[in-house]
Amino acid sequence: MKLDTKIIGRKIYCYKDIPSTSEEAKRLAGLGVREGTVVLSESQSQGRGKLGRSWFSPKGGIYLSIIIKPHINLVEGSLITILGSLAVARAIRGLTHLEANLKWPNDVMIHGRKVAGVLTEKGSSDSFIVGIGINVNTRKASFPDELRSESTSIRAELGSKVNLEKLIPVLLEEFEKLYLIFLSQGAEKILDEWKTLSSALKTWVKVLTANGEYEGKIMDLGKSGELILRDSDGNIQRFTTGEVVKLRST
Ligand code: BTN
């Protein structure tokens, strides 16, 4: 695999099957491996998704976790999740003609269906673990019933298989480009580009969180990548994680 990066993926631990690449990356971060180390697996038996869900991880997808140590005071990982999902969208757009879009906070969508997700977790000693799962060559019929209508894969949208050996380096290169911009210039450019690829701004949504459901209009993303919502009484609420369900366009 040809990889044109300086930090991200200089060392890649490859597995055939592993419970979770993010779990393994956490362990490695605890041992003090260098920044940019990647854990990659062909499949996962206990892939983790956001909000405590599991992540369907059969062979044919990309499952990888990147260890980063940004050394800046990040309150939480929201910005990194935004950065990671933008890297996925850029990589898919760059390698295929598919119009990958973004759905806050961590979903990459094609034609309204989820093709990839990003889960950022805190690791030990100032590290963050950025877990990325992409449905690449997964057949539509193989998704479990409860996921089939809302999920898709690159193969299903493209009508042909995609070479993982090509997509993985493009993804890591896009991630590094954005990460270096983030470190040197802050998050503004990343948030701006993210917003251009998101269709939900200014629409009415329901946000499902561990603490309940909230309805309102998406006004913007905050400086930390948080979702800013205005409810019908004009109250402003900020969310750092959750699931957005679109209700109507205005
Ligand atoms: C989501 O729920 O949208 C986030 C899914 C993140 C899945 C990836 S796959 C690689 C890494 N290892 C895990 O166990 N989860 C993440």
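No hydrogens, no waters, no symmetry mates; every other heavy atom, side chains included, goes into these values. Every number for a ligand or one of its atoms is a count from 1 in the order of the listing.
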Please check if any side-chain donor atom of [X] sits under 3.5 Å from a side-chain acceptor atom of [Y], or the reverse.
X    : Y    : result
E35  : Y179 : yes
E157 : T152 : yes
D17  : S43  : yes
S198 : W104 : no
E24  : S65  : no

Any R53 heavy atom less than 4.0 Å to ligand 1: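 The answer is no: ligand 1 sits nowhere under 4.0 Å from a heavy atom of R53.
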
contact_flag K114 ligand 1 heavy-atom lt 4.0 Å: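 It does, in that a heavy atom of K114 comes within the 4.0 Å cut-off of ligand 1.
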
Salt-bridge criterion met for K26 and E23 (N-O under 4.0 Å):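 Salt bridge: no.
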
For [X], counting its heavy atoms only, list the atoms of ligand 1 lying under 4.0 Å from any of them.
X    : answer
S22  : 11 (C), 12 (N), 13 (C), 16 (C)
V118 : 4 (C)
L64  : 10 (C)
G47  : 14 (O)

Ligand 1 contact on S65 by region, counting heavy-atom pairs under 4.0 Å: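 The answer is the side chain.
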
Atom 10 (C) of ligand 1 - nearest protein heavy atom and its distance: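 Here the closest protein heavy atom is T21 OG1, 3.2 Å.
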
Heavy-atom nearest neighbour in the protein, as seen from atom 5 (C) of ligand 1, with distance rounded to 0.1 Å: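 Answer, as residue, atom name and distance: W55 CE3, 3.5 Å.
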
Best match, I62, L51, N106, L119: closest heavy atom to atom 1 (C) of ligand 1: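 It is N106 that holds the nearest heavy atom.
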
Per atom 7 (C) of ligand 1, closest listed option by heavy atom (R48, K50, Q44, E121):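 Comparing heavy atoms across R48, K50, Q44, E121, the nearest one to atom 7 (C) of ligand 1 lies in R48.
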
Within 45° cone and under 6.0 Å: K11 NZ/CZ vs Y13 ring: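 Yes, cation above the ring, under 6.0 Å and within 45°.
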
Main-chain N/O of T5 paired to E176 side chain as donor or acceptor, under 3.5 Å: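 No, because the side chain of E176 does not come within donor-acceptor range (under 3.5 Å) of the backbone of T5.
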
